[in-house]
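Following: one structure in structure tokens, then a few remarks.
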Amino acid sequence: MRTMTITSSTRNALTTRTMKRHTKRVVLAGRFAQAAKLTEQLSSLGWEVHTLTTGRDIHAAAAATAPHAVLVPEVAGDESGYLACAKLRRTLPNLKVVVVGTERTPKREALALFVGAGFVAESDGVSGLVAAVS
């Protein structure tokens with residue numbers, strides 16, 4: 001049996017369930033170089049940030065937290081981040097999904113667009129990541 005670990009930037013787990021629906025939520029799936037700074041920046045903007053310790057269980061986390069956006073690395077666990085995006089967009093069509101890659105190339109941007117996601121490179125920095133989910 002696999003366990004899913006979701007951490008939140010809120011003070012306690014009960015806050016997640018009692019917060020108003022207009023609070024924007026974001027799920028950071030997997031590991032990102034700028035994850036700590038991104039979490040801090042989004043939290044200061046009033047976002048509720050949930051992080052997954054691995055790229056696995058992205059779908060369960062999205063269903064459990066009802067986020068506004070999900071950031072997915074190019075490699076998400078055992079599958080491509082692009083495949084994970086395609087699955088998320090099929091099951092949750094109104095969800096904003098963003099692929100985070102190591103570098104920006106036309107091929108990567110086109111593939112993200114093809115699966116219904118946005119693309120941002122880690123080199124775009126925290127401001128680029130914030131803009132991608134906003």
Side-chain angles (χ1 to χ4, degrees):
M1 181 170 101
R2 287 190 338 221
T3 58
M4 177 176 63
T5 304
I6 302 174
T7 58
S8 175
S9 64
T10 56
R11 294 196 189 273
N12 62 45
L14 293 177
T15 307
T16 301
R17 295 182 185 195
T18 59
M19 293 203 68
K20 296 178 182 175
R21 292 296 302 165
H22 69 275
T23 299
K24 288 193 174 184
R25 294 179 186 86
V26 64
V27 172
L28 307 180
R31 302 194 189 286
F32 301 101
Q34 304 281 344
K37 290 180 182 178
L38 177 61
T39 299
E40 182 180 310
Q41 180 67 30
L42 289 171
S43 294
S44 72
L45 294 171
W47 285 64
E48 187 177 309
V49 180
H50 300 272
T51 57
L52 293 174
T53 54
T54 67
R56 300 184 129 178
D57 299 318
I58 297 168
H59 314 289
T65 60
H68 169 73
V70 176
L71 285 173
V72 180
E74 282 184 296
V75 178
D78 297 335
E79 68 185 6
S80 159
Y82 299 101
L83 178 59
C85 287
K87 290 178 181 178
L88 282 169
R89 297 288 296 140
R90 182 163 177 87
T91 57
L92 301 166
N94 296 325
L95 179 63
K96 185 176 201 173
V97 183
V98 179
V99 176
V100 180
T102 54
E103 64 181 287
R104 183 179 301 282
T105 66
K107 182 179 178 181
R108 288 176 169 153
E109 289 177 330
L111 188 53
L113 184 62
F114 178 73
V115 296
F119 183 87
V120 65
E122 288 187 25
S123 60
D124 293 340
V126 174
S127 61
L129 293 167
V130 170
V133 298
S134 297

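Here the structure is a predicted model, which means the values were calculated and not measured. What's counted below: heavy atoms across the whole structure, side chains too, no hydrogens, waters or symmetry copies. Throughout, numbering of the chain's residues begins at 1 and tracks the sequence.
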Distance, nearest 0.5 Å, that separates OG1 of Thr39 from CD of Glu48
12.0 Å
Distance check, rounded to the nearest 0.5 Å: Leu28 atom CG versus Ile58 atom CD1?
11.0 Å
Do you know the tightest heavy-atom contact between [X] and [Y]?
X	Y	result
Pro73	Gly30	CG-CA, 4.3 Å
Ser43	Val49	OG-CG2, 4.0 Å
Leu95	Arg89	O-NH1, 2.7 Å
Phe119	Ala112	CB-CB, 3.8 Å
Ala62	Pro67	O-CD, 3.1 Å
Ala132	Lys96	O-CE, 3.2 Å

Is there a path of hydrophobic side-chain contacts, each under 4.5 Å between heavy atoms, that joins Val120 and Val26?
yes
Check whether Val98 and Val126 end up in the same hydrophobic cluster, where Ile, Leu, Val, Met, Phe, Trp and Tyr are linked by side-chain heavy atoms less than 4.5 Å apart.
yes
Could you list the residues that satisfy side chain to side chain donor-acceptor pair (under 3.5 Å) with Lys87, not counting sequence neighbours?
Glu79
Does anything in residues 66-75 form a side chain to side chain donor-acceptor pair (under 3.5 Å)? List the pairs, not counting sequence neighbours.
Glu74-Tyr82, Glu74-Arg108
Residues pairing under side chain to side chain donor-acceptor pair (under 3.5 Å) where one sits in residues 114-130, two or more places apart or in two chains, turn out to be Arg104-Asp124
Among Val99, Val100, Val97, Thr51, find the residue that satisfies the side-chain contact (heavy atoms from CB on, under 4.5 Å) test when tested with Leu71.
Val100
Using side chain to side chain contact (heavy atoms under 4.5 Å, CB included), reason through Trp47 and Ser134 one step at a time and then give a plain yes or no.
CA-CA 10 Å; Trp47 285 64; Ser134 297; 4.3 Å; yes
Let's go through Leu129 and Val133 carefully: what are the C-alpha distance in whole Å and the side-chain angles of both, what is the deciding distance for side chain to side chain contact (heavy atoms under 4.5 Å, CB included) to 0.1 Å, and is it a yes or a no?
CA-CA 7 Å; Leu129 293 167; Val133 298; over 6 Å; no
Is it true that a side-chain atom of Ser44 and a backbone atom of Gln41 form a donor plus acceptor pair closer than 3.5 Å?
yes
